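Report on one structure; see the data block that follows.
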Amino acid sequence: MRMSLIWGEVFTGLRRNLSMVVSIILVTFISLTFVGAAALMQMQIGQMKGYWYDRAQVAIYLCPEGSLSESCAGGAVTDDQRAAVEAQLKGAALTPIIEKYYFESKDEAYKRFQEKFSGNEITKYVTPDQLQETFWVNLKDPAQSNVITEAFSSVPGVEEVTDQRKYLDTIFSVLNVASYTAIGIAGLMLMAAVLLIATTIRLSAYSRRREITIMRLVGASNRFIQTPFILEGVISAFIGSVLAGGAIFAIVHFFVQGYLKEAVPPSMSSLVGLGDAALVVPALILVGMILAALSANFAIKRYLKA
């Protein structure tokens, strides 16, 4: 009987404050969608880092004609210098950290350049002689790229040693900033949702002040009085959280696994899937309900003490 009375009070409060309840649902939905999108973006960044960092190479660029580098003071790389670089790559000191390496001649570099920029006007103005000979090195542990850099940075015939990971770090930094921005917006929206829930509960309590007074006169406990108001906030937030979860699944299914999967070649990177979304959505719903319960509990306690 007591539970039926509590649920009767809950539905009465939801009906009386329908517009505010809809506002809570919408704010919760938008804020948790941002949170979920940011979480998926972080998961995607982690997967991309694992994929690309393992494939990042160290490029040892050999001296071209007319280079201004100090190590290229003698002009273009000679056959002996090229052989010395390869011998060092095969040496006992570097073999344990190198998975594989290969040499790219000017003609091979030119062919790759033509394929990469096919259809671009720039291909008409580039000749093989303008490109560099390069040793491309794959490491067993990409974090040890500084060993290769230090080993060849001052070797005659080597113009520059470049770790491709520094370009990836720039890209991932931009993606991280976008993710943190989404988290910041979501935090503000969650704060607005918490304040809105508290305001709604106080208004609901004020509109039923006569009923609350009667409950107190007949000896109802504070917990019994507070429970319907807390459930109002939790139910509203739960609906918004479920909608946010549905939006996350829709984003992953239609945008990531639909559009992006077709636009991005499978060999380039792995994308987050519905399994990843299934990990994020329950957490979103739980966060929404906990915040709603805490906010509603605080608001109704403050009202009853006033």
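Atoms considered below: every heavy atom in the structure, side chains included; atoms not considered: hydrogens, waters and symmetry mates. Computed from a prediction, not measured in an experiment: that's the story for all the values here.
For Asp163, the salt bridge (charged side-chain N to carboxylate O under 4.0 Å, His left out) partners are Arg165, not counting sequence neighbours. By the side chain to side chain donor-acceptor pair (under 3.5 Å) test, Thr149 pairs with no residue at all, sequence neighbours left out. Judged as a side chain to side chain donor-acceptor pair (under 3.5 Å), and not counting sequence neighbours, Thr227 has no contacts. With sequence neighbours left out, the salt bridge (charged side-chain N to carboxylate O under 4.0 Å, His left out) criterion links Lys140 to no other residue. Annotation: salt bridge (charged side-chain N to carboxylate O under 4.0 Å, His left out) contacts of Glu65 (sequence neighbours excluded): none. Applying the side chain to side chain donor-acceptor pair (under 3.5 Å) test to Asp80 and every residue at least two apart in sequence or in another chain returns nothing. In this view, Ser23 satisfies the side chain to side chain donor-acceptor pair (under 3.5 Å) rule with no residue, not counting sequence neighbours.
Grouped with Tyr102 in one hydrophobic cluster are Tyr61, Trp136, the linkage being side-chain heavy-atom contacts under 4.5 Å among Ile, Leu, Val, Met, Phe, Trp and Tyr residues. Other cluster members for Leu294: Leu286, Ile290, joined by side-chain heavy-atom distances under 4.5 Å among Ile, Leu, Val, Met, Phe, Trp and Tyr. The other members of the hydrophobic cluster of Tyr180, by chain and number, are Ile183 (side-chain heavy atoms under 4.5 Å, ILVMFWY only).
Looking at Arg112 and Glu104, their side chains come closer than 4.5 Å, going by heavy atoms from C-beta outward. With a 4.5 Å cut-off on side-chain heavy atoms, Ile148 and Ile60 count as touching. Looking at Arg302 and Arg202, their side chains come closer than 4.5 Å, going by heavy atoms from C-beta outward. Between Glu159 and Gln132 the shortest side-chain heavy-atom distance falls below 4.5 Å.
Under the 3.5 Å distance criterion, the side-chain polar atoms of Thr181 are matched with a main-chain donor or acceptor of Val177. Side-chain N or O atoms of Glu86 include none that pairs as donor or acceptor with a backbone N or O of Phe135 at under 3.5 Å.
Just one of Val252, Ile251, Val256 meets the side-chain contact (heavy atoms from CB on, under 4.5 Å) condition when paired with Leu40; it is Val252. Checked against Phe103 for a side-chain contact (heavy atoms from CB on, under 4.5 Å), the options Thr134, Leu62, Val85 give a single hit: Leu62.
Of the N and O atoms on the side chains of Asn138 and Glu99, not one donor lies less than 3.5 Å from an acceptor on the other residue.
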Show which side-chain atoms of residues 191-199 pair as donor or acceptor with protein atoms under 3.5 Å away, not counting sequence neighbours.
from	atom 1	to	atom 2	distance (Å)
Thr199	OG1	Leu195	O	2.9

Using distance only, find each side-chain donor-acceptor pair of residues 239-250 under 3.5 Å and give its atom names and separation, not counting sequence neighbours.
from	atom 1	to	atom 2	distance (Å)
Ser241	OG	Ala237	O	2.7

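Within a 6.0 Å sphere centred on OH of Tyr110, other residues, nucleotides and ligands contribute more than 12 heavy atoms.
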